[in-house]
Number of protein chains: 2
Amino acid sequence: MTLSEENYLKSIYSLQREHGKGVSTNVLSKYLDAKPASATEMIKKLDEKGLVRYQPYQGVLLNESGEISALKIIRKHRLWETFLAQKLDFSWDEIHDVAEQLEHIKSDKLIQQLDKFLGYPKYDPHGDPIPDEHGHVIKMEKKRVSQLQPGDTGTCIGVNDTSSSFLQFLDQQNIRLGSVIHIVNFQDFDKSMTVRIEDRELILSQIATENIYVRI
Amino acid sequence: MTLSEENYLKSIYSLQREHGKGVSTNVLSKYLDAKPASATEMIKKLDEKGLVRYQPYQGVLLNESGEISALKIIRKHRLWETFLAQKLDFSWDEIHDVAEQLEHIKSDKLIQQLDKFLGYPKYDPHGDPIPDEHGHVIKMEKKRVSQLQPGDTGTCIGVNDTSSSFLQFLDQQNIRLGSVIHIVNFQDFDKSMTVRIEDRELILSQIATENIYVRI
DNA sequence: AATAAAGTTTAGGCAAACCTAAAAAATATA
DNA sequence: TATATTTTTTAGGTTTGCCTAAACTTTATT
């Protein structure tokens with residue numbers, strides 16, 4: 001499989017997850033920073049190879065083998081991200097571009113050994129689950145804190161806003177990956193929330209609750 | 001720089017080292033498993049970019065900037081080889097193909113951090129020196145044990161024959177990377193050598209001494 | 001329902017990196 | 001030295017993945 005084919009499969013997988021429906025050439029091409037005509041071309045090729053199902057004017061959908069291929073690439077991407085963050089001290093924003101390159105290296109042994117070296121991690125530094133070697137992923141509900149109800153509890157797995165001011169704020173409040181966040185109360189007038197984190201209660205603004213992801 | 005350009009530069013560097021002279025398109029194309037016409041084409045491109053000096057029918061030579069580029073790629077290759085061997089338990093023969101892919105990943109930070117993570121190694125698992133970030137290499141005399149004289153001492157940095165039977169033999173005799181080998185005696189009739197390794201004397205056949213590399 | 005707008009596909013090109021076959025130059029041999 | 005052989009280059013072709021522009025569908029608007 002070529003580098004380009006891999007990128008298309010991965011993109012189709014993500015967009016399919018996000019929208020639920022068939023992925024249009026327009027959306028796909030924008031996502032990949034290419035022109036719609038290029039997407040059409042590649043989609044046709046992937047269809048001939050039996051990796052996607054494509055009906056002209058109806059968008060694409062991954063089929064079984066396409067999804068497994070996509071998940072294998074995502075596995076590689078997330079293992080490399082974990083490596084960069086844990087072993088090479090890369091910060092969140094530096095990780096992506098490099099992992100994007102590393103995910104295309106072809107060697108089964110490399111990935112097996114990397115997985116072992118990292119201690120068989122289940123989640124990457126963004127909190128996303130790492131598929132196993134067969135392409136199985138832990139089903140995970142990823143929500144924003146703002147989508148929780150009073151009484152709910154979630155584990156912090158990432159953020160949406162990665163500006164340094166927001167990350168600094170989280171640091172000050174002792175909110176980090178793995179923090180258990182319990183929703184105490186919801187204020188209707190400003191949509192802020194009172195939450196409990198490690199026996200400490202604090203109030204998070206709507207902006208804050210919308211930018212913190214939790215696994216429930 | 002494209003992947004192909006990088007591979008050509010690296011090959012020209014090696015062949016130039018090996019033969020001392022300008023590298024012919026014939027030799028270069030064979031080394032890269034391509035046709036001479038393809039080599040000519042690429043050489044012309046690299047010449048236009050100012051990385052090599054090329055005169056039709058006279059072969060190619062790297063110039064200053066081409067050599068620095070080549071050494072940067074070799075640096076990446078050797079750091080990755082070290083990583084694969086030291087951290088991921090790859091054996092000598094499995095290393096090369098993967099490092100060949102990893103060396104083309106583009107990220108200065110990645111290489112800096114990898115170097116740090118590995119403890120700034122000076123030699124790769126084959127005993128070859130790792131260039132620094134500016135493309136400077138430690139000049140190193142790499143010799144076969146058979147080229148040494150009685151009284152000489154060398155440090156084992158690699159082997160030529162990588163068959164498992166030879167590697168097993170070395171293992172049994174406790175000869176490994178880093179072993180200090182002192183030449184005690186040379187037998188003229190069969191060209192075998194008596195050597196001392198860690199206070200133990202043993203006799204190595206001509207075949208053996210020709211297949212062990214040392215740094216002196 | 002007719003038309004306008006938006007999205008998609010087709011057709012024809014381009015650059016990179018490879019190829020084959022033929023022409024040209026360099027080297028070896030009679 | 002003349003000819004044969006080998007090496008190198010040139011010319012023209014192929015594939016992959018991208019592009020633009022034009023044609024065609026689908027969807028939205030009046």
Side-chain angles (χ1 to χ4, degrees), chain A residues 1-13 15-16 18-62 66 69-70 73 100-101 103-106, chain B residues 1-13 15-16 18-62 66 69-70 73 100-101 103-106:
Chain A
M1 201 157 25
T2 68
L3 191 143
S4 219
E5 287 172 347
E6 291 193 345
N7 283 332
Y8 271 90
L9 282 182
K10 202 168 56 110
S11 304
I12 296 167
Y13 179 88
L15 293 169
Q16 206 172 302
E18 206 176 301
H19 301 104
K21 282 297 174 66
V23 180
S24 73
T25 44
N26 217 10
V27 166
L28 182 56
S29 64
K30 255 172 206 141
Y31 190 79
L32 281 158
D33 204 22
K35 293 289 173 283
S38 308
T40 302
E41 219 180 346
M42 180 57 87
I43 286 168
K44 278 158 78 176
K45 198 172 77 166
L46 292 173
D47 183 71
E48 274 159 32
K49 289 195 172 189
L51 293 161
V52 303
R53 212 167 27 253
Y54 161 63
Q55 301 274 104
Y57 296 98
Q58 306 303 133
V60 241
L61 280 169
L62 292 177
S69 298
I73 303 159
E100 203 74 12
Q101 295 180 64
E103 76 190 8
H104 300 293
I105 302 289
K106 280 166 185 53
Chain B
M1 202 157 26
T2 69
L3 192 142
S4 219
E5 287 172 348
E6 291 192 346
N7 283 332
Y8 271 91
L9 282 183
K10 203 168 56 110
S11 304
I12 295 167
Y13 179 88
L15 294 169
Q16 205 172 304
E18 206 176 303
H19 300 104
K21 282 298 174 63
V23 181
S24 74
T25 45
N26 217 10
V27 166
L28 182 56
S29 63
K30 255 173 205 139
Y31 190 79
L32 281 158
D33 204 23
K35 294 288 173 285
S38 308
T40 302
E41 217 180 349
M42 179 58 87
I43 286 168
K44 278 159 79 176
K45 198 171 76 166
L46 292 173
D47 183 71
E48 274 159 33
K49 289 195 172 190
L51 293 160
V52 303
R53 211 169 24 254
Y54 162 63
Q55 301 273 105
Y57 297 98
Q58 306 303 134
V60 239
L61 280 169
L62 291 177
S69 298
I73 303 160
E100 203 73 11
Q101 295 180 63
E103 76 190 8
H104 299 293
I105 302 289
K106 278 163 186 55

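Just so we're on the same page: letters track the sequence lines, and every chain starts at 1.
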Who are the side-chain hydrogen bond (donor to acceptor under 3.5 Å, both in side chains) partners of [X], not counting sequence neighbours?
X      : answer
A/Y13  : A/R17
A/K35  : none
A/Q16  : none
B/E100 : B/K10, B/H96

Rounded to whole angstrom units, what separation is found between the [atom1] atom of [X] and the [atom2] atom of [N]?
X     : N      : atom1 : atom2 : value
A/E5  : D/dC18 : CD    : P     : 10 Å
A/Y8  : D/dT16 : OH    : P     : 15 Å
B/E6  : C/dA17 : CD    : C1'   : 15 Å
A/K49 : D/dG17 : NZ    : C1'   : 13 Å
A/N26 : D/dC24 : CG    : P     : 20 Å
A/E48 : D/dT16 : CD    : C1'   : 14 Å
B/L28 : D/dT7  : CG    : P     : 15 Å
A/Y54 : C/dT10 : OH    : C1'   : 10 Å

Find every protein N or O atom lying less than 3.5 Å from an N or O atom of nucleotides 23-25 of chain C, and list the pairs.
residue : atom : partner : partner atom : Å
C/dA25  : O4'  : B/Y57   : OH           : 3.3

Q. Taking only residues two or more places apart in sequence, or in another chain, which ones meet A/K30 in a side-chain contact (heavy atoms from CB on, under 4.5 Å)?
A.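 A/K30: side-chain contact (heavy atoms from CB on, under 4.5 Å) contacts with A/N26.
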Q. Which residues pass the salt bridge (charged side-chain N to carboxylate O under 4.0 Å, His left out) test with A/K21, sequence neighbours left out?
A.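 For A/K21, no residue satisfies salt bridge (charged side-chain N to carboxylate O under 4.0 Å, His left out) once neighbours in sequence are set aside.
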Q: Ignoring backbone atoms, establish whether B/S24 has a side-chain N or O less than 4.0 Å from OP1 or OP2 of D/dT8.
A: yes
(Q) I want to check one thing: is the phosphate of D/dT7, taken as OP1 and OP2, less than 4.0 Å away from some side-chain N or O of B/T25? (A) no
Q: Check each of A/V52, A/L51, A/V23 against A/L62 using the side-chain contact (heavy atoms from CB on, under 4.5 Å) test, and report the only one that passes.
A: A/V52
**Q.** Nearest heavy-atom neighbours spanning A/E6 and A/K106
**A.** OE2-NZ, 3.2 Å
Q.
Using the side-chain heavy atoms of B/S4, tell me which of these nucleotides is nearest: D/dG17, D/dT8, C/dC18.
A.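 Nearest listed nucleotide: C/dC18.
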Listing, residues 37-48 of chain B side-chain donor-acceptor contacts under 3.5 Å, not counting sequence neighbours, or none:
residue : atom : partner : partner atom : Å
B/T40   : OG1  : B/P36   : O            : 3.2
B/K45   : NZ   : B/E5    : OE2          : 3.1
B/D47   : OD1  : B/Y54   : N            : 3.1

Q. In residues 33-47 of chain A, what residues come within less than 4.0 Å of DNA chain C, judged by heavy atoms?
A.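 Hits under 4.0 Å, by residue number: A/P36, A/A37, A/T40, A/K44.
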